[in-house]
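Just the heavy atoms: all of them, side chains too, but no hydrogens, waters or symmetry mates, feed the values below.
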Amino acid sequence: MRIEIVVFDGYDELDAFGPFEVLAVAAGQGAPFEVVLVGLEGPGEVRGIHGSRVLLEVGLGTPDAVIVPGGGWLNRAPSGAFAEAARGVLTERLAALAPDLRWTASVCTGAMLLAAAGLLKGRPATTNRAALAELRAGGAIVQGNRVVDDGNVITSGGLSAGLDLGLWLIEREVDADLARNVADILEYRPHNDVWQSRVVHAL
């Protein structure tokens with residue numbers, strides 16, 4: 001299962017590297033995951049919101065699943081999620097890819113990019129608590145949980161919630177024992193606050 005975490009200038013590093021670390025550790029423990037950081041428009045260097053620079057070897061392709069980080073939404077930064085929503089390239093690509101993906105997921109204000117792509121209208125979702133009102137105004141049904149699994153769209157709360165997202169994805173795609181094992185390896189105590197829909201959706 002190829003999982004691509006798409007990053008862009010101004011993304012929040014923890015949003016991306018939280019689930020990346022969790023899922024990569026799971027892969028090392030035998031989970032059938034190939035986890036890759038990718039750029040939106042091909043290989044190249046991307047700079048995070050805190051100044052880190054990542055050299056990406058590939059761009060967003062045709063994976064089995066995609067994770068979208070946030071960053072720069074709340075302060076309307078000139079680079080980051082808000083800027084990407086305004087530019088429209090990433091949101092158009094997400095909208096085009098989503099129907100063929102096993103799932104699309106987000107961390108923090110990455111959910112606002114999913115909303116801008118039309119993926120959260122009338123659907124349960126969460127994001128950074130400071131953006132919940134805006135998410136609701138955009139048509140999502142806001143849930144107060146740390147991770148909200150609505151089938152083929154999964155959202156998580158602010159920043160460190162990406163760790164819980166990654167652990168939930170392990171439990172969902174493999175089993176709870178592996179998720180617990182990975183949490184132990186990372187010396188992380190999961191919040192175990194997941195809302196899960198029983199409705200099957202088609203995008």
Side-chain angles (χ1 to χ4, degrees), residues 3-24 35-60 63 65-95 97-98 103-120 125-138 140 142-143 145-148 153-169 188 191:
I3 303 170
E4 294 188 350
I5 302 175
V6 58
V7 295
F8 42 83
D9 283 335
Y11 78 98
D12 190 284
E13 289 93 338
L14 184 56
D15 284 6
F17 283 99
F20 179 86
E21 177 82 10
V22 171
L23 296 170
V35 190
V36 186
L37 290 172
V38 300
L40 174 58
E41 297 170 290
E45 185 180 83
V46 169
R47 183 171 182 170
I49 195 170
H50 299 297
S52 67
R53 295 179 182 271
V54 177
L55 187 60
L56 304 166
E57 296 182 354
V58 294
L60 182 61
V66 168
I67 298 175
V68 183
W73 184 277
L74 299 175
N75 64 351
R76 304 307 200 239
S79 62
F82 186 79
E84 290 300 327
R87 196 162 71 98
V89 177
L90 176 55
T91 52
E92 288 180 11
R93 188 69 190 283
L94 291 171
L97 281 174
W103 43 259
T104 305
S106 66
V107 181
C108 197
T109 54
M112 305 307 298
L113 285 166
L114 300 194
L119 303 182
L120 299 183
T126 192
T127 186
N128 185 300
R129 61 187 178 187
L132 288 174
E134 193 172 2
L135 185 67
R136 183 180 290 109
V142 169
Q143 296 289 139
N145 305 79
R146 194 157 170 88
V147 176
V148 174
V153 175
I154 310 162
T155 54
S156 60
L159 298 165
S160 64
L163 296 167
D164 294 283
L165 171 68
L167 291 168
W168 170 247
L169 293 173
Y188 178 71
H191 287 72

- Task: Heavy atoms only: give me the nearest Ala81-Leu113 pair and the separation to one decimal.
- Result: O-CD2, 3.4 Å
- Task: Quick one: do Val7 and Val38 satisfy side-chain contact (heavy atoms from CB on, under 4.5 Å)? Show the steps, please.
- Result: CA-CA 6 Å; Val7 295; Val38 300; over 6 Å; no
- Message: In the structure I gave you, are the side-chain heavy atoms of Leu60 and Leu97 within less than 4.5 Å of one another anywhere?
- Response: yes
- Task: Could you tell me whether the side chain of Ile3 reaches within less than 4.5 Å of the side chain of Trp103, counting heavy atoms only?
- Result: yes
- Which atom pair, heavy atoms only, marks the closest approach of Leu74 to Ala130? CD1-CB, 3.8 Å
- Taking the inter-plane angle between the rings of Tyr11 and Phe17 on a 0 to 90° scale, is it parallel (under 30°), tilted (30 to 60°) or perpendicular (over 60°)? tilted
- Item | Test item: Asn128 side-chain N/O and Thr109 main-chain N/O as donor-acceptor pair under 3.5 Å | no
- Minimum heavy-atom separation for Ala116 to Thr91, with atom names? CB-CG2, 3.7 Å
- Query: Are any of the side-chain heavy atoms of Leu114 and Thr104 separated by less than 4.5 Å?
  - Reply: yes
- Task: Would you tell me whether Glu13 and Ser52 have side-chain atoms, one donor and one acceptor, within less than 3.5 Å of each other?
- Result: yes
- Message: Side chains of Leu132 and Thr126, heavy atoms from C-beta outward: is any pair under 4.5 Å?
- Response: yes
- Query: What do the steps show when you test Glu134 against Arg76 for salt bridge (Lys or Arg N to Asp or Glu O under 4.0 Å), and what is the final call?
  - Reply: CA-CA 13 Å; Glu134 193 172 2; Arg76 304 307 200 239; 2.9 Å; yes
- Task: Kindly indicate whether the side chain of Leu135, heavy atoms from C-beta on, has any atom under 4.5 Å from the side chain of Met112.
- Result: yes
- Query: Does any non-hydrogen side-chain atom of His50 lie less than 4.5 Å from one of Asp12?
  - Reply: yes
- Interatomic distance, CD1@Ile67 vs CD1@Ile154, rounded to 0.5 Å, equals 8.5 Å
- Going by heavy atoms in the side chains, are Cys108 and Asp15 under 4.5 Å from each other? yes
- Task: Start with the C-alpha gap between Thr127 and Val142, add the side-chain angles, then the distance that decides, and say whether side-chain contact (heavy atoms from CB on, under 4.5 Å) holds.
- Result: CA-CA 9 Å; Thr127 186; Val142 169; over 6 Å; no
- Considering only NZ, NE, NH1 and NH2 on the basic side and carboxylate oxygens on the acidic side, decide whether Glu41 and Arg87 come within less than 4.0 Å. yes
- Which atom names give the shortest non-hydrogen contact between Pro69 and Ala16, and what distance separates them? CB-N, 4.0 Å
- Query: What distance do Glu21 atom CD and Leu23 atom CG have between them, rounded to the nearest 0.5 Å?
  - Reply: 10.0 Å
- Message: Checking the side chain of Asn145 only, and the main-chain atoms of Val147 only, is there a donor and an acceptor separated by less than 3.5 Å?
- Response: no
Distance-only criterion, 3.5 Å: show the donor-acceptor pairs between side-chain atoms of residues 160-167 and protein atoms not counting sequence neighbours.
| unit_1 | atom_1 | unit_2 | atom_2 | d |
| --- | --- | --- | --- | --- |
| Ser160 | OG | Arg146 | NH2 | 2.8 |
| Asp164 | OD1 | His191 | N | 3.0 |
| Asp164 | OD2 | Arg146 | NE | 2.5 |
| Asp164 | OD2 | Arg146 | NH2 | 3.3 |
| Asp164 | OD2 | Tyr188 | OH | 2.7 |
| Asp164 | OD2 | His191 | ND1 | 3.4 |

- Which atom of Leu159 lies closest to which atom of Val107, heavy atoms considered: O-CG1, 3.7 Å
- Query: With distance as the sole test, does Ser106 use its side chain to make a donor-acceptor pair with the main-chain N or O of Val68 at under 3.5 Å?
  - Reply: no
- Spatial distance of atom CD (Glu84) from atom CG (Leu94) [nearest 0.5 Å]: 10.0 Å
- State, with a plain yes or no, whether a side-chain heavy atom of Val89 is found less than 4.5 Å away from one of Phe8. no
